Amino acid sequence: MKVVAINSSPNMGKGNTSLVLTPFLEGMREVGAGVELFYTKKLEINPCQGEFNCWLKTPGKCFQQDDMQMLLPKLVEADVLVLATPLYVDGVTGPMKNLLDRILPLAQPFFELRDGHCRHPGRNGSKDSKLVLVSNCGFWEMDNFEPLLVHMQAVCKNMGSEFAGALLRPHGPALRGMKAMGMPVDDIFEAAKDADRQLVEDGRMSSETLRVISRELLPLEMYVQIINQRFQEVLDALEKE
Ligand SMILES: Cc1cc2nc3c(=O)[nH]c(=O)nc-3n(C[C@H](O)[C@H](O)[C@H](O)COP(=O)(O)O)c2cc1C
């Protein structure tokens, strides 16, 4: 099984997104999947220029010479695509959106009806692929992920791939702090590791496992109080400098 993971957090391996992504990919490697991880921050992926050359003048090829030339064949080959992104203004980060826009060469310009809905036929034959979303956000509530989930499910329908589920970590910044303080959060990392084993072995992740990854870490009011206190401390310290 080939897995391509893309992490679009500018904090890369030190970010909160990585806290859940790392055990997830680790588990995949342990069950024998070939995993390649890319950070958008290390890639040059320019925005789509919207001139449709990849459909018309040079079908299947974008004129922009950047890292999408290397990434596109890997995306075509992948059995599982893992998109990891912190929630940015209720959606994916800008670099992740640029990357998604640049998959246009994989589609043909024509329209076809799939389940009574307009779609573009693929260019590289049809391969059964799955997409997994990994995300974390600063706000406390799970409902912050709703627009992102709707987007990712729509992307899957557009690409003709299966949405295999999402590892979502609300009040994500708390996880790092609690881990550093030695508080009991290992169940979350274990669940992330287990989720990918389930995906590789059973083709799906159990809703109970995904629920553990998203579980409440601390009550809403306490989280708001701690976050506000931390920001105030930083502001006060900066003012004194
Ligand atoms: C530009 C920007 C936009 C953000 N937008 C949201 C948001 O809409 N909702 C939310 O809950 N958190 C939002 N956040 C907070 C991040 O999702 C949060 O800090 C996350 O833990 C960052 O993950 P990382 O450490 O992997 O980069 C935003 C952060 C930034 C920098």
Side-chain angles (χ1 to χ4, degrees), residues 3-28 35-45 47 81-101 131-155 165-181 183 185-189 191-193 195-196 210-235 237-238:
V3 180
V4 172
I6 297 163
N7 184 348
S8 74
S9 164
N11 296 304
M12 299 198 285
K14 294 184 175 145
N16 299 321
T17 308
S18 175
L19 270 184
V20 173
L21 179 66
T22 301
F24 182 65
L25 297 183
E26 214 175 274
M28 278 194 159
V35 180
E36 282 191 279
L37 169 64
F38 298 94
Y39 294 104
T40 53
K41 197 175 181 180
K42 287 193 181 168
L43 300 174
E44 185 196 351
I45 299 178
L81 173 60
V82 181
L83 296 183
T85 179
L87 192 72
Y88 269 20
V89 194
D90 304 302
V92 297
T93 61
M96 181 65 89
K97 185 60 169 61
N98 281 344
L99 187 153
L100 290 173
D101 292 347
L131 186 147
V132 176
L133 170 68
V134 176
S135 187
N136 94 99
C137 75
F139 286 156
W140 187 87
E141 304 85 355
M142 269 296 273
D143 66 13
N144 292 289
F145 293 111
E146 281 171 12
L148 178 63
L149 280 171
V150 169
H151 185 199
M152 286 300 125
Q153 281 159 358
V155 167
L167 285 72
L168 303 174
R169 188 52 264 165
H171 45 291
L175 183 58
R176 181 171 299 283
M178 291 172 76
K179 182 175 181 252
M181 286 190 281
M183 293 170 83
V185 288
D186 281 351
D187 58 324
I188 292 170
F189 304 118
K193 218 166 164 181
D196 60 68
L210 296 180
R211 197 196 56 73
V212 172
I213 295 165
S214 304
R215 78 163 168 85
E216 179 180 322
L217 293 171
L218 72 174
L220 167 63
E221 290 75 16
M222 190 187 289
Y223 181 62
V224 170
Q225 195 194 344
I226 291 171
I227 288 280
N228 286 343
Q229 193 180 322
R230 292 268 158 85
F231 275 126
Q232 195 57 58
E233 281 165 9
V234 174
L235 286 168
L238 286 171

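Since the model is a prediction, treat every value here as computed from it, not as a measurement. We count ligands from 1, going down the list as the structure has it; atoms in each ligand are counted the same way.
- For R169 (side chain) and V134 (main-chain N/O), no donor-acceptor pair under 3.5 Å exists by modelled atom type.
- T85 places a side-chain N or O within 3.5 Å of a backbone atom of T93 that can act as its donor or acceptor partner.
- For a heavy-atom separation below 4.0 Å, the residues in contact with ligand 1 are S9, N11, G15, N16, T17, P86, L87, Y88, V89, D90, N136, C137, G138, F139, P173.
- Not a single donor-acceptor pair under 3.5 Å links the side chain of H171 to the backbone N or O of Y223.
- Here the side chain of D101 pairs no donor or acceptor atom with the backbone of N98 at under 3.5 angstrom.
- For the pair K193 (side chain) and G27 (backbone), a donor-acceptor distance under 3.5 Å is absent.
- W140 contributes a side-chain N or O that, together with a main-chain N or O of L218, makes up a donor-acceptor pair within less than 3.5 Å.
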